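For reference, the structure discussed in these notes is given below.
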Amino acid sequence: QVQLAESGGGLVQAGGSLRLSCTASGRTSSSYAMAWFRSARGSEREFVAAISWGGGSTFYGDSVKGRFTISRESGKNTVSLQMNNLKSEDTAVYYCAALGGVVALSALTSRSEYDYWGQGTQVTVSS
């Protein structure tokens, strides 16, 4: 089993920045692809960003391209999400996810591929 713990959420004004972090614990001897998803009130969980097992490939949702950056520490199952130029529509609970198997890179944007999920951290952007 793998446990994921997110941190770094909070309240920020529109145009500001936040950095989210996620650390995996437990069965971390394997490498995991990792991602961020978000869920606004009353909405389905939406793909935000993903990074491949070795960190060589990254993917972003259309609404965050050019503003958010996902990264991971080399050789570790930790991932960060740098969020810049935040907008009110970015307000949501952000979830970290980890994928332990091997799938096509294009599948990293799919919520159903992920095996483990964190509890989520709230990000609120005030306009």
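Small disclaimer: the values here were computed from a predicted structure and weren't measured. Heavy-atom basis, side chains included; hydrogens, waters and symmetry copies ignored.
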Regarding R45 and the six-membered ring of Y95, is the cationic atom NZ or CZ under 6.0 Å from the ring centre and inside 45° of its axis?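 Positive - R45 is close enough to the ring of Y95 and near enough to its axis.
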
For T124 and Q122, which I'm curious about, is there any donor-acceptor pair between the side chains at under 3.5 Å?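 Q122 and T124 do have a side-chain donor-acceptor pair below 3.5 Å.
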
With a 3.5 Å cut-off and no angle check, do the side chains of R67 and S17 form a donor-acceptor pair?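 Note: R67 and S17 side chains miss the donor-acceptor criterion.
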
Once you round to the nearest 0.5 Å, how far does [atom1] of [X] lie from [atom2] of [Y]?
X    : Y   : atom1 : atom2 : result
I70  : Y60 : CD1   : OH    : 6.5 Å
Y116 : M34 : OH    : CE    : 12.0 Å
E113 : L99 : CD    : CG    : 6.0 Å
T78  : L4  : OG1   : CG    : 11.0 Å
S63  : R38 : OG    : CZ    : 4.0 Å
R111 : F47 : CZ    : CZ    : 12.5 Å

Results of side-chain contact (heavy atoms from CB on, under 4.5 Å) for R19 - residues two or more places apart only: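 Listed in chain order: S71, S80, Q82.
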
Look only at the side chain of Y114 and the backbone of L108, and say whether a donor-acceptor pair between them is shorter than 3.5 Å.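 Here the side-chain-to-backbone pair exists.
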
Between E6 (side chain) and Q119 (backbone), is there a donor-acceptor pair under 3.5 Å?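 Confirmed, E6 side chain pairs with Q119 backbone.
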
Sidechain N-carboxylate O distance under 4.0 Å for D62, K65: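 Yes, charged N to carboxylate O under 4.0 Å.
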
Between T91 and V123, is any pair of side-chain heavy atoms under 4.5 Å apart?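 T91 does not reach V123 side chain to side chain.
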
Would you indicate whether the side-chain heavy atoms of T121 and L20 approach each other to under 4.5 Å?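 Yes, close enough: below the 4.5 Å cut-off.
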
Hydrophobic clusters here meaning ILVMFWY residues chained together by side-chain heavy-atom distances under 4.5 Å, can you tell me if V79 and V2 are in one?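 Yes, V79 connects to V2 through the hydrophobic network.
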
Please determine which of N84, N85, L81 meets the side chain to side chain contact (heavy atoms under 4.5 Å, CB included) test together with F68.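 Exactly one candidate clears the test, L81.
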
For residues 51-59, which side-chain donor-acceptor pairs fall under 3.5 Å, sequence neighbours excluded?
{"residue": "S52", "atom": "OG", "partner": "G56", "partner atom": "N", "Å": "3.2"}
{"residue": "S52", "atom": "OG", "partner": "S57", "partner atom": "N", "Å": "3.0"}
{"residue": "S52", "atom": "OG", "partner": "S57", "partner atom": "O", "Å": "3.4"}
{"residue": "W53", "atom": "NE1", "partner": "G101", "partner atom": "O", "Å": "3.1"}

What side-chain donor-acceptor pairs closer than 3.5 Å can you find for residues 8-15, not counting sequence neighbours?
none

Using every non-hydrogen atom in the two residues, find where S21 and W36 come nearest and quote the distance to one decimal.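 What the structure gives for the nearest pair is O-CH2, 3.7 Å.
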
